[in-house]
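These notes concern the structure reproduced below.
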2 protein chains.
Amino acid sequence: MNPKLRLVKQRHRCEHCLFRRFFLSAGLNCDEIDQAGQTTTTNIGPYRPGEYLYHAGEQCNALYVVHAGTVKTEMVTFDGDLHVSGFYLTGELFGADGINKRNFVADAVAVENTWVCELTFDNWEKLAMDYPGLQGQLISELGRVIAHKELEALSNHYHLLEHRLMSFLSDLLNRIKERQGQQSNEIELAMTKTDIARYLGATPESISRALSKLEKSGYIKNTKRKIYILKDQSCLDAVI
Amino acid sequence: MNPKLRLVKQRHRCEHCLFRRFFLSAGLNCDEIDQAGQTTTTNIGPYRPGEYLYHAGEQCNALYVVHAGTVKTEMVTFDGDLHVSGFYLTGELFGADGINKRNFVADAVAVENTWVCELTFDNWEKLAMDYPGLQGQLISELGRVIAHKELEALSNHYHLLEHRLMSFLSDLLNRIKERQGQQSNEIELAMTKTDIARYLGATPESISRALSKLEKSGYIKNTKRKIYILKDQSCLDAVI
DNA sequence: CGATCCATTGAAGCCACTCAAGCCCGGTGG
DNA sequence: CCACCGGGCTTGAGTGGCTTCAATGGATCG
């Protein structure tokens, strides 16, 4: 990641940005937030689809939030298969796997045209000295990540691929709604279905069949780039 | 969890306790550590095998570390299957899934006779005010948990159960060695093989068969309560 | 010493994978 | 403009690994 080549002027505020929420919760007022954002965070992009933000093993010096677009993190299994470990939407934190050992566990790749917001650990520590509440905000967010991964692991153990897929789609929709703050049943897929397959530990063929089954059962409507959720996930147990 | 009924006098220091490492890293000297430990942490136990430490959904007011014994966390899938989301050995942090929303995502159950060390968020915040380095320690530890879960998810997608099982055993051995600080190839299993099955998303029958295969291939020696690792996990790709 | 749970082994069925082919669509170049 | 190409998506048949169902042996505990 080379900021010098890619630095773009921040045109609009990071409305949904996690860092902004941190600052708000820590008690900063609007002016302070603007100042803190401009002096401590760096906006990087655009990354083109398929472009790497960083590679596994590289040094990690910062926290990252998706400013616009979508990021996936992926790793290669010992037998050469590609595994997508997560998708990250606008406003979401990613790269937290690098915090402990200061280098990344997974690659990060842009799924679509993407900008990210970088906040170096150095700047974070300076901010944290001025605003002690910030550390607690980060701890809380990391706890959220852990809880989410726990639930992710749970649904990864559903026997039928249809169920894992439905659970993934529901989670995606929830995160979209959380960001937009409005009801919607539409998921605009930034990632390919092959990527979804790699995330769920399945083949594209199986995903295709599972989507067909879910559609036939009336749970979703499946188009090329969009998926509509027609029933709540709580109806899942009725899926046969 | 009722401290009043269960509070036992702390007989020996928490040598391997995560909290102790936090205090050390934050720059406390031995006297301060002893004082901080005695005034802010509570030692609870013994929990008997199968006994619940807390249930999913209950309020979470503290950080927990295994003082002695083994803890498993588990959740029930929508179709009634039990899923073990993690095993926690002496000295390891658990319950971090409750930090964000202040209530637990998974149940915590004692696997063997177990004592745990409790540090309430209230006490944590008091400590953090006196020793600012502590917050960073916790952030780092949560980052470690996230990185571990990422790698866990990776190996959960290995195609063959033998590989997932071998990966689990290697991870377990690494954690044991990390605590003991000595080389060893022996894993004393606190959990049943049925629990391992529930952790790996498999049936006890499949685990039994996978263990047999790994033993025939010379990777492990399998006894009732102990497993010996005979080859490094890096040889995994040779498993057929 | 019976009861219970765990572990193991065998036989049959099912789901997802593999291999293969065809379709759709966007991009490229003649 | 159109032919060509390539990647992603879909559908079909056959294989393989894990599950299910069933039965037995062994260990622990009241």
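Note: hydrogens, waters and symmetry copies are ignored here, and every other heavy atom, side chains too, is used. Each chain gets a letter, A, B and so on, in the order the sequences are listed, and its residues count up from 1.
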The test is salt bridge (charged side-chain N to carboxylate O under 4.0 Å, His left out); show your working for B/Glu141 and B/Arg144 and say whether it passes. CA-CA 5 Å; B/Glu141 172 64 16; B/Arg144 198 197 57 74; 2.9 Å; yes

B/Thr194 near the nucleic acid: base, sugar-phosphate alone, or nothing, with a heavy-atom cut-off under 4.0 Å? sugar-phosphate

Any residue meeting ring pair (Phe, Tyr, Trp, His ring centres under 6.0 Å) with B/Tyr228, in chain and number order, not counting sequence neighbours: none

Round to a whole Å and report the spacing from OH of B/Tyr158 to C1' of D/dG17. 19 Å

Give a yes or no on this: more than 12 heavy atoms of other residues, nucleotides or ligands lie within 6.0 Å of atom CD of B/Glu186. yes

Would you classify A/Asp81 as touching base, sugar-phosphate or nothing, given that sugar-phosphate means primed atoms plus P, OP1 and OP2, and contacts are heavy atoms under 4.0 Å? nothing

For B/Ile207 and A/Ser206, take the nucleotide of DNA chain C holding the closest heavy atom to each; which residue's nucleotide lies nearer the 5' end? B/Ile207

Taking every heavy atom of A/Gly218 against every heavy atom of A/Leu230, the minimum-distance pair comes out as O-CB, 3.5 Å

Other residues, nucleotides and ligands only: do more than 12 of their heavy atoms fall within 6.0 Å of NZ on B/Lys101? no

Should the pair A/Lys72 and A/Phe87 be classed as cation-pi, given the thresholds of under 6.0 Å to the six-membered ring centre and 45° from the axis? no

Length of the CG-P vector between A/Leu189 and D/dG8, whole Å: 15 Å

Looking at five pairs on each end of the helix from C/dC1-D/dG30 to C/dG30-D/dC1, what is the angle between the two axes, given to 10 degrees? 40°

Just call it for A/Asp195: base, sugar-phosphate, or nothing, with non-hydrogen atoms closer than 4.0 Å on any strand. nothing

First encountered from the 5' end of DNA chain C, between B/Ser212 and B/His159: B/Ser212

Of the listed nucleotides (D/dG8, C/dT8, D/dT10), which one gets closest to any side-chain atom of B/Lys193? C/dT8

Taking the side chain of A/Leu160 as heavy atoms from C-beta outward, which of C/dC15, D/dC9, C/dC6 is closest to it? C/dC15

Residues B/Gln59 and B/Asn103: closest non-hydrogen pair is CA-CB, 4.0 Å

On the 0 to 90° scale, with breaks at 30° and 60°, tag the B/Phe104-B/Tyr54 ring pair as parallel, tilted or perpendicular. parallel

How does each nucleotide of nucleotides 21-28 of chain D score, in 5' to 3' order, for protein heavy atoms under 4.0 Å: base (B), sugar-phosphate only (S), or none (-)? BB----S-

Do B/His157 and A/Asp81 make a side-chain contact, defined as non-hydrogen atoms from C-beta onward lying under 4.5 Å apart? no

Determine the contact category for A/Gly201: base if any of its heavy atoms lies under 4.0 Å from a base atom, sugar-phosphate if only primed atoms, P, OP1 or OP2 are that close, otherwise nothing. sugar-phosphate

In whole Å, what is the span from the CG atom of A/Asn156 to the C1' atom of C/dA16? 15 Å

